[in-house]
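To keep things clear, I will list the structure first and then write my remarks on it.
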Amino acid sequence: MGKDTIANIITSIRNADMNRKRTVQIASTNITEKIVQILLREGFIENARKHQESKKHFLVLTLEHRKNSKGPYKKILNLKQVSRPGLRIYSNYQRIPRILGGMGIVILSTSRGIMTGQEARLEGIGGEILCYIW
C-alpha cells in the first residue's frame, strides 16, 4: 500500500457513500484535516471529529445521505483525484476549472495552503489540483 493519503481519503469516502455507511474513519494527517475542513465548510459532510486509539489519531466523518423511500439510493458525493504521485497537475489561477458551472469544488494545494478553487481565484494564486468534488 502506498503513501498517497489523498487517494486513501477519496476512496474511503466514496466506498462508504456507495455502501450507504453513515460514518467513515480515516487516518489523521495535516493534509487530511485541511481537506476535511473544506468538505465540512462546503457542506459535503455533516460532521467530523478526532478520535484516538492506542496512540493513533483518526478522523471520524459523518456523511450526509438523501433518503428517498420510493426510488433508488442516490449518491451525494462524487470525488475524483486529479494529481497523483506519478503525475502532478498544476494550474495558474486563471485556468482553475469550474466543476458543473460552480456547483462542485476544486481542491488545490497552493503556496498559502490547501484551499478551494474559488478562494485561489480570489487570491490570484495557482497550485497543484488535488481533486474535484461535486
Side-chain angles (χ1 to χ4, degrees):
M1 191 122 178
K3 290 279 187 177
D4 191 6
T5 58
I6 297 166
N8 292 341
I9 297 169
I10 290 172
T11 303
S12 297
I13 293 173
R14 187 184 308 124
N15 287 344
D17 191 46
M18 286 190 320
N19 290 326
R20 299 182 191 186
K21 300 281 184 189
R22 184 86 172 131
T23 60
V24 62
Q25 184 175 344
I26 57 173
S28 177
T29 63
N30 290 336
I31 293 172
T32 59
E33 288 180 14
K34 298 284 184 183
I35 291 174
V36 166
Q37 286 174 359
I38 290 173
L39 291 175
L40 196 60
R41 187 178 61 225
E42 296 291 328
F44 288 104
I45 59 174
E46 268 184 36
N47 191 13
R49 61 185 164 87
K50 210 166 193 179
H51 183 67
Q52 181 179 356
E53 284 182 15
S54 66
K55 297 184 181 181
K56 291 186 180 181
H57 295 278
F58 296 98
L59 290 172
V60 179
L61 308 178
T62 305
L63 303 177
E64 288 187 0
H65 288 290
R66 288 185 209 158
K67 294 182 179 176
N68 188 358
S69 59
K70 294 185 179 182
Y73 172 74
K74 293 186 179 180
K75 285 194 331 181
I76 289 182
L77 291 176
N78 287 309
L79 302 112
K80 180 181 179 188
Q81 181 182 13
V82 179
S83 271
R84 54 183 208 251
L87 178 65
R88 305 288 187 184
I89 306 294
Y90 296 95
S91 175
N92 63 8
Y93 77 97
Q94 296 162 334
R95 295 188 181 209
I96 296 173
R98 296 185 194 276
I99 307 302
L100 293 177
M103 290 179 62
I105 61 170
V106 176
I107 296 181
L108 293 146
S109 175
T110 66
S111 59
R112 296 186 191 156
I114 295 176
M115 61 179 67
T116 64
Q118 184 179 10
E119 293 169 348
R121 274 187 222 98
L122 291 175
E123 301 241 352
I125 55 175
E128 180 184 354
I129 300 174
L130 299 177
C131 60
Y132 301 145
I133 302 170
W134 70 95

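From a predicted model like this one, the values you see are computed outputs, not experimental measurements.
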* Quick one: list whatever passes side-chain contact (heavy atoms from CB on, under 4.5 Å) with N15, sequence neighbours left out. =>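 Residues passing side-chain contact (heavy atoms from CB on, under 4.5 Å) with N15: T11, M18.
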
* **Pairing residues for A27 by the side-chain contact (heavy atoms from CB on, under 4.5 Å) criterion, not counting sequence neighbours** =>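 If we apply the side-chain contact (heavy atoms from CB on, under 4.5 Å) test to A27, skipping adjacent residues, there are no hits.
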
To the nearest 0.5 Å, tell me how far [X] [atom1] sits from [Y] [atom2].
| X | Y | atom1 | atom2 | value |
| --- | --- | --- | --- | --- |
| I6 | L130 | CD1 | CG | 4.0 Å |
| I129 | I96 | CD1 | CD1 | 7.0 Å |
| Y132 | L79 | OH | CG | 13.0 Å |
| E123 | S111 | CD | OG | 9.0 Å |
| T32 | L61 | OG1 | CG | 9.0 Å |
| T116 | R121 | OG1 | CZ | 8.0 Å |

* Any donor-acceptor pair under 3.5 Å linking the side chain of R14 with the backbone of N78? ->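 No.
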
* Asked: Is there a donor-acceptor contact under 3.5 Å from the side chain of S83 to the main chain of I89?
  ->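 Here the side-chain-to-backbone pair exists.
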
* Can you list every salt bridge (Lys or Arg N to Asp or Glu O under 4.0 Å) pair that touches residues 91-107, not counting sequence neighbours? ->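 Non-adjacent pairs meeting salt bridge (Lys or Arg N to Asp or Glu O under 4.0 Å): zero.
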
* Asked: Which atom names give the shortest non-hydrogen contact between C131 and I10, and what distance separates them?
  ->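 Of all heavy-atom pairs spanning C131 and I10, the closest is CB-CD1, 3.6 Å.
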
* Asked: For the residue pair V24 and S12, what are the closest heavy atoms and their distance?
  ->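 It is CG2-O, 3.7 Å.
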
* ILVMFWY cluster membership beyond I125 - transitive side-chain contacts under 4.5 angstrom ->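 I125 shares its hydrophobic cluster with M115.
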
Tell me which donor-acceptor pairs under 3.5 Å the side chains of residues 33-45 have, and how far apart each pair is, sequence neighbours excluded?
{"from": "E33", "atom 1": "OE2", "to": "S28", "atom 2": "OG", "distance (Å)": "2.8"}
{"from": "E33", "atom 1": "OE2", "to": "K50", "atom 2": "NZ", "distance (Å)": "2.9"}
{"from": "R41", "atom 1": "NH2", "to": "E119", "atom 2": "OE2", "distance (Å)": "2.9"}

Could you pull out all residues at least two apart from [X] that satisfy side-chain hydrogen bond (donor to acceptor under 3.5 Å, both in side chains)?
| X | result |
| --- | --- |
| H57 | none |
| Q52 | none |
| T23 | none |

* Asked: With sequence neighbours left out, what residues match E128 under salt bridge (charged side-chain N to carboxylate O under 4.0 Å, His left out)?
  ->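 With neighbours one apart ignored, the set is R88.
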
Below 3.5 Å, can you tabulate the donor-acceptor pairs from side chains in residues 99-110 to any protein atom, sequence neighbours excluded?
{"from": "T110", "atom 1": "OG1", "to": "R112", "atom 2": "N", "distance (Å)": "3.2"}
{"from": "T110", "atom 1": "OG1", "to": "G113", "atom 2": "N", "distance (Å)": "3.4"}
{"from": "T110", "atom 1": "OG1", "to": "G113", "atom 2": "O", "distance (Å)": "2.7"}

* Treat each ILVMFWY residue as a node, draw an edge where side-chain heavy atoms are under 4.5 Å apart, and state whether I13 and I31 are in one component. =>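 Same cluster.
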
